[in-house]
Amino acid sequence: MIHDLLRWQVRESRGRREDPSAIVMDTQTVHASVNAPKATTGLDPGKKSRGRKRGITTDILGLLIAVIVVPASVHDNAIGITLLDQVAADNPSVTKGWVNAGFKNAVIDHGAALGIDIEMVQRDPHTKDFAPAPKRWIVEQTLCATRRSVCIPGSAGRNSEGGSWVR
């Protein structure tokens, strides 16, 4: 409730309506402590990383709308469907959304059933270095803000892995 009130205030201060009409969704796998219960962690087969996966939905200002944390083994489709259900229940004004290619047709179809037009934003196949994807960069910024340090590939001030650390 307090989060919603703060989000509404920020949106209004930026000249937006209280309730969002568009969202951006993404997931991020994060390593879990070795002491974390096995029931709450899993292996992300795409990233070959053990831990948890967080799924978030933001408005176009990057303000959180919905969050879910699951074992990393849960597929992005299942996360996306759950996030869309939360968005539709709490924000009936949402009619448009953007996702990356990690989300498949099941999320697009589920969004359509809820009255939300979901568009998949593809990475430009001709881009060799890091380049922010239109609309999707919004949710990436929010995910970066939730971590103490994030490596951004292709940035200046390279570390040994070819990226930069943002703190």
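- Judged by distance alone, with hydrogens and angles left aside, the side-chain atoms of Arg52 form a donor-acceptor pair with the main-chain N or O of Thr40 at under 3.5 Å.
- Using modelled atom types, one finds a donor on one side chain and an acceptor on the other under 3.5 Å when comparing Thr29 with Asp44.
- Note that the CD1 atom of Ile108 and the CG atom of Asp117 stand 9.0 Å from one another [nearest 0.5 Å].
- Ala66 and Val87 make their closest contact through CB-CG2, 4.3 Å (heavy atoms, listed as atom of the first residue, atom of the second, distance).
- The cluster map of Ile, Leu, Val, Met, Phe, Trp and Tyr, joined by side-chain heavy atoms under 4.5 Å apart, puts Leu64 and Leu6 in different clusters.
- Atom OG1 in Thr95 sits 10.0 Å away from atom CD1 in Ile118 (nearest 0.5 Å).
- When all heavy atoms of Val74 and Lys53 are compared, the pair lying nearest together is O-NZ, 3.1 Å.
- Asp109 contributes atom CG, which lies 13.5 Å from atom NZ of Lys104 (distance to the nearest 0.5 angstrom).
- Of the inter-residue distances, the one linking Asp59 atom CG with Ile65 atom CD1 reads 4.5 Å to the nearest 0.5 angstrom.
- How far OG of Ser93 is from CD1 of Ile116: 9.5 Å, rounded to the nearest 0.5 Å.
- Scanning both residues, Leu114 and Leu84, for their nearest heavy atoms gives CD1-O, 3.7 Å.
- Side chain of Arg54 to main chain of Val69: no donor-acceptor pair is present (N/O by atom type, distance under 3.5 Å, no hydrogens or angles).
- Trp8 and Val67 are members of different hydrophobic clusters when ILVMFWY side chains are connected at heavy-atom separations under 4.5 Å.
- Around the CZ atom of Arg16, the shell of radius 6.0 Å holds no more than 12 heavy atoms that belong to other residues, nucleotides or ligands.
- The minimum heavy-atom distance between Pro71 and Ala39, with the atom names listed, is CG-O, 3.8 Å.
- Shown here for Thr41 and Ala32, the closest heavy-atom pair between the two residues is CG2-CB, 3.5 Å.
- In plain terms, the two heavy atoms of Phe103 and Gly80 that are nearest each other are CE2-CA, 3.6 Å.
- Distance CZ/Arg17 to CZ/Arg11: 9.5 Å, rounded to 0.5 Å.
- Side-chain contact check for His110 and Asn77: no donor-acceptor pair (N or O, by modelled atom type) lies under 3.5 Å.
- Among the candidates Thr58, Leu61, Leu63, the single residue satisfying the side-chain contact (heavy atoms from CB on, under 4.5 Å) test with Arg7 is Leu63.
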